[in-house]
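Step one of this worksheet: look at the structure below.
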Amino acid sequence: MHKHTFLMRNNEAERGLIIVPAPKTPVSSVMSIIIICFILLLFCPSQLKAQLGTTPNIKHIVVGRCYNYVTLVNPGLRHDCEEIWRQFEGAVVCQSSCNVTVEDYHPMFYAMPQTWPCDKFLFWSKTRTLMHSYAAVMRHFWTLEDTLVGYMFNDLIWCGQEDTGFDFDSCPEWLACRNHPVYSLWRQASQNFAEMACGNITVLLNGSIVNAFNRLSMFGSVELDSLNPLKVNYVNIKVVTNLEGPHLESCSRGSIVELLQILQSRGFRWTCTDNDQTLMILQCIQDSKHPSCRTCANSLVESFTVK
Ligand SMILES: *[C@@H]1O[C@H](CO)[C@@H](O)[C@H](O)[C@H]1NC(C)=O
Ligand SMILES: *[C@@H]1O[C@H](CO)[C@@H](O)[C@H](O)[C@H]1NC(C)=O
Ligand SMILES: *[C@@H]1O[C@H](CO)[C@@H](O)[C@H](O)[C@H]1NC(C)=O
């Protein structure tokens, strides 16, 4: 009965039909309190946080993606998807949600070794959307998301609970704790990816933000330090700004200068390009009316764009 009333109020609140009767009888006060509590529940952070629990059906997603990868995306890999899942589960479940280290994932990574041909490695920071179009067009590039581990865990959230498997209700924020289960996995995956990098590698950075090269990003804190100058021939950096700006950083301005100094001092050969034409064209395809697209590339873009 009480529950039924609550649900009715609940509906009303959603439709904005909250009418509090003028004479405050005890019953109506109770009703108002229920309504207020409900509104608080709707908007309070714990409600939002609850949505950041472990991704539902995580096992089916992860194992399914693994089979998809080893069967269709990259056939020839002989990996045991069930075993990889078991090792993953072993690292995460029944742990406190802030207590999964990169070492805890070592058995899982051991079950999924992978090597890559040289000259294909693409690194990026704060350029995710553009990176996807770039990698799709320049088909020879491979990013972390193209590796088995990246493919399996992309966009998923997970954390354990001390005595009952995964916590599907809420997980801590990504950077809320040092040994966050999601962060630790990506940290180790990024490190492995960078350690394997060889030949010419490409780095896409965002010149429309301050600290395009950020020492706290995955690229700045893990990948850069894991690159091996004896294996990497050239680090080719491409700085890309939004068409509409702001144009805050470039190869000769801001944090990227610091990155070039670090590369130099560690013995890397590098190149740095502002306004790479392919990247510009990709941006112009999405926004062909933009004034910056009236360049020599314009006729090219126009011929691509269906009017
Ligand atoms: C974290 O994990 C370690 C080893 O796995 C364990 O000894 C420690 O008690 C755990 N700490 C918490 C707070 O769960
Ligand atoms: C640069 O970063 C901003 C803020 O994160 C983002 O909105 C923008 O799309 C990024 N630009 C490019 C070219 O990736
Ligand atoms: C590697 O990069 C350098 C500098 O950009 C370039 O001259 C060279 O042709 C590239 N080599 C390959 C194999 O892509």
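Sequence positions, counted from 1, serve as the residue numbers for this chain. Both ligands and their constituent atoms are indexed starting at 1 by order of listing. All values derive from a computational prediction rather than experimental measurement.
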Step by step, would you call R86 with E89 a salt bridge (Lys or Arg N to Asp or Glu O under 4.0 Å)? CA-CA 5 Å; R86 269 193 297 279; E89 218 176 23; over 6 Å; no
For the hydrophobic clusters of this structure (ILVMFWY residues joined by side-chain heavy atoms under 4.5 Å, transitively), does one cluster hold both V102 and V100? no
Between ligand 2 and the protein, which N/O pairs fall short of 3.5 Å?
from	atom 1	to	atom 2	distance (Å)
ligand 2	2 (O)	N206	ND2	2.2
ligand 2	11 (N)	N206	ND2	3.0
ligand 2	11 (N)	N242	OD1	2.6

Is it the case that ligand 3 has an N or O less than 3.5 angstrom from some N or O of Y234? no
Using a 4.0 Å heavy-atom cut-off, say whether N236 meets ligand 3 through its side chain, its backbone, both or neither. side chain
Nearest 0.5 Å, please: how far is NE2 in H132 from CD in E145? 3.5 Å
For the rings on Y134 and W124, is their centre-to-centre separation under 6.0 Å? no
Distance col, row N275:CG vs Q283:CD, nearest 0.5 angstrom, shows 9.5 Å
Tell me whether the rings of W158 and F88 are parallel (<30°), tilted (30 to 60°) or perpendicular (>60°). perpendicular
Is T271 in contact with ligand 3, taking contact as a heavy-atom separation below 4.0 Å? yes
Using the ring pair (Phe, Tyr, Trp, His ring centres under 6.0 Å) definition, which of the options Y234, F193, F219 pairs with F121? F193
